[in-house]
Amino acid sequence: MITNTFGRNDTGIAMDTGIKTLCFHCGDVCPPLPPHTGNKQFCCEGCKAVYMLLDENELCNYYDLNKLAGNSMKARTGMAKFRHLDDEKIIRPLFTVYTPNLASIKLYIPGIHCSSCIYLLEHLDRLRDGVFRSRVNFLKKELSVDFNPAEISFRHLAELLTTIGYEPQLTMQEAGATDKEKSAGLINHDLITRIGVAGFCFGNIMLLSLPEYFNSQIRNEEFGRLFMVLNIVLAVPVVFYGAFPWLRSAFSSLRNGLINIDVPISMGILALFMRSMWECYSGSGPGWFDSMSGLVFFLLIGRYVQGFAFAGMNFRRSWRSFFPLAVSKIEDGTSVSIPATDLKTGDKLLINNREPLPCDCILLSTQAKIDYSFITGESLPALSISGAELPAGGIVCGKTALVQVLRPVNESLLSDMWNRQKDNEKVKETDSSRLADLFAKWFTVATILLAQGSAGYWLMQDQAGTALNAFTAVLIIACPCAFSLSLPFTMGNALVILGRNRIFVRDESIIQKLAHIDHVVLDKTGTLTEAEKTEMEYIGTVLSTHELNMIKSTAKISSHPLCRNMYLHLADYADIPEPISITETAGAGIEAVFNGCIVRIGNAAWSLAPADIHSSGLHININGQYTGRFNISQNLRHGVDSALNMLRKHYALSVLTGDGIEGLGVVEKVLPDTKEIILKAWQNPEMKADFVRYCRENGQKVLMAGDGLNDGPALKEAYVGIAMQSNMHAFTPSSDIIADAAAAARLPQILQFAKGCINIVKISFLLSMVYNGIGLSMAMQGILSPVFAAIFMPVSSMSVVGLSVGLSTLYARRLKF
Amino acid sequence: MPVLIILMACSLLVAAGFLIAFIVSARHGQFDDTAGPAVRMLEDSTFTGKHILNQKNKAHAGN
């Protein structure tokens, strides 16, 4: 097995490797003879360079704050992509301030993950002159930097960040962001202000109401009157500012002929306010301002907990975030940087190694290797020759390609695919039946009936005063505040618990949807198996060590990914002098001539395999003699086998793959039988989406788990879509949940946890109904006193919140989250 | 007892002052990042200025 892909980012198993040395910087396993300085060893030169830089600038506190804090430097791409950043026209839209001597910018840096990151990024000024100030927003993974462009150009700043492992994300998305998107988060300021105001009023009203609790005659005295007036003054902002979100939501839903959970809440708040005003005016009582402000305050806190989201996770990506800020256009023989959105049909572009094609193009170079793994799921780069049509989204591998624009960015096939998905989104949103709104409907009706009933009863007894009391008291006490608190607190807690396990859920409604899932559809490649961790197995006549040495040396030269895999597989064999000559025929194989020996590696035909062998894999031919082949098999991720067996017990299960039918063998192996399990091979993105749609139209609630853009359409089509990636901060398609790839093994637990959370909400709801029952029986008799309500309502709310948070935490612990 | 009224006015004024301070700080985004400040206070200042010497040495070497 190839073990060099162990990473802290994958499963945290790097620590379990025992005798292996771990990179001092990033925690990856070091190669046999690691680069080192002093007694510190590193997995690669990149990591060592970072350490040296930090050491030189006395920033090694970075390693004291968190062990193995660094981001691995192995997979870094070149700095060439930053060449466009010298062009002021292109970068200008990214800045909030840009003057010759001061520039301010906010950069999204996906690599920010711990306190060491904050420490290092906030000491950028020590690494380079010209940086005035740098500040990290940890939740948003955002770095704001003020710097002097005269001393350090933006390009140099981006390169510096990349050198230390914090590559900023600079794509079309960032450039196109409007000012509104840039200042997103103002809504949050609003909520916090409301909490502050409501809390202030609540506290003061409680204090001013206190004398009344001990002496009910005090309101007729001088102070009592003053207290009452102050209470009214303080209560007005609570209702019309603090509770405004509920009043607005209730009003707009009523106008649309619907009843949501905010309607009974608003009814309760307004009944409290009106009745209190009436009591103050008529002098019949002190009012219920204390209960009311407490209620609004707790509701606001609940909303704050509910709104806790993962700002650093981008759940609604558009294709724009896949493309670079600018591309190199050839104009009069020189290359200029222009924004990709400005491209016109006929423009000629230079696309460097590892850069994506921004739009549909025609290849002008003689040949180019294009990696379409992101679009189609096909893992091997395709070779295209001059004149071929290249759809957008492919990544150029190897040599720079010269292409001509066929269709501008907005009309390219990729953006087309994305826009089509958007239409489906609306359909999806409306069929989500939210627990709370369902409940709200009959609850509101029941409350109004009860209130009228009790008022009617007292009217028949000719007690109009009691009738009015009972009517408002029922509305007040029935206000489903406990329920509307238990939902956000349970779900908010669940979001935090899942987030700690690197499963990031978009919002609380997704957890409710998870509980309704009855069909689980899984993508195989990259989700159940590890795309980057393949196993090789040799089938054929036994090879001598010398022959294996030669195969290894040949594989080293080839740029083909399978050959690179084989090279790693043969890492234990010796490096021998390079072959005398090499011929590589694209799409077939490679031939290397050693001292008196010819080695051919390639497909079956290339290596002259017997006619009955035409399987995939790397076929070996030595001196014209076919010896055998290296078979490539993928391994299931750790724990996926038992997860699959658990899932099939409770859910309909399907496994889709873009690979051939033999790719499903690895799944069939771990299942006792494949009855009732749908296994589908040769699925392209459209077919996957069609399959999910077909299931949905048959009334099934589908959970789709996949990775990469090739599953994007299916993820959108599904009731709940989970994007699973080993590097979560890489580009993920739009989805409801973004999870670490290791979460594939925990799918059964995730689904069970979601169901448990719904049950917990139901239990808290029952408890709140008991409280409501007690309160209602008193309210209908007209004996509910404001003092009792002021104590009873907060206590009932708090106990319901405590119950829901406590139970969900306990349940998570039982499921080992 | 009239002193109570003065006391109450004072207490409300003080509390309102804090409320205004809170609103201003919230509007300036002081509550945007609830995770960062907790981490920042763990930082020790171990800075001795050695790196400036290093840079000077390098500059000399360059000359």
Side-chain angles (χ1 to χ4, degrees), chain A residues 53-62 64-66 112 114-119 122-123 126-129 135-140 142 144 183-186 188-201 203-204 207-208 211 221-223 226-227 230 233-234 237 304 308 311-312, chain B:
Chain A
L53 184 69
L54 299 192
D55 188 39
E56 189 179 303
N57 292 294
E58 289 189 61
L59 290 169
C60 279
N61 205 0
Y62 181 75
D64 300 336
L65 288 173
N66 291 280
I112 296 175
C114 68
S115 48
S116 293
C117 306
I118 298 181
Y119 170 75
E122 295 197 342
H123 286 92
R126 279 201 217 168
L127 289 178
R128 197 66 64 86
D129 290 335
R135 204 80 172 146
V136 173
N137 184 328
F138 187 70
L139 291 179
K140 285 188 182 165
E142 198 176 70
S144 32
S183 62
L186 275 180
N188 197 22
H189 291 173
D190 213 44
L191 182 60
I192 289 173
T193 316
R194 280 184 215 280
I195 292 176
V197 171
F200 165 80
C201 296
N204 282 295
L207 280 179
L208 292 172
E221 292 167 23
E222 190 189 354
F223 290 123
L226 179 70
F227 289 168
L230 280 176
V233 170
L234 287 168
Y304 181 75
F308 177 84
Chain B
M1 285 298 258
V3 72
L4 242 164
I5 297 178
I6 301 171
L7 275 177
M8 245 169 38
C10 286
S11 78
L12 268 177
L13 272 180
V14 170
F18 277 107
L19 178 68
I20 290 165
F22 175 78
I23 293 174
V24 169
S25 60
R27 296 274 160 187
H28 282 80
Q30 291 196 13
F31 297 91
D32 286 6
D33 184 4
T34 48
V39 168
R40 266 179 213 118
M41 74 181 214
L42 293 174
E43 281 172 17
D44 293 326
S45 179
T46 55
F47 181 59
T48 60
K50 193 179 94 191
H51 85 285
I52 295 175
L53 280 177
N54 282 344
Q55 277 171 4
K56 275 188 188 152
N57 289 343
K58 244 192 272 171
H60 279 293
N63 296 336

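Order of the sequence lines sets the chain letters (A, B, ...), proteins ahead of strands, with each chain counted from 1.
With a 4.5 Å cut-off on side-chain heavy atoms, A:Asp190 and B:Arg27 count as touching.
With a 4.5 Å cut-off on non-hydrogen atoms, A:Leu208 touches chain B through its side chain but not through its backbone. With a 4.5 angstrom heavy-atom cutoff, A:Asn137 touches chain B via backbone and side-chain atoms both.
Applying side-chain contact (heavy atoms from CB on, under 4.5 Å) to A:Thr193 and the options B:Val24, B:Ile23, B:Leu19 leaves one that passes, B:Ile23.
What you find for B:Ala16 and A:Phe200 is that their closest heavy atoms are N-CE1, 3.6 Å. The nearest pair of heavy atoms linking B:Phe22 to A:Gly196 is CE2-CA, 3.3 Å.
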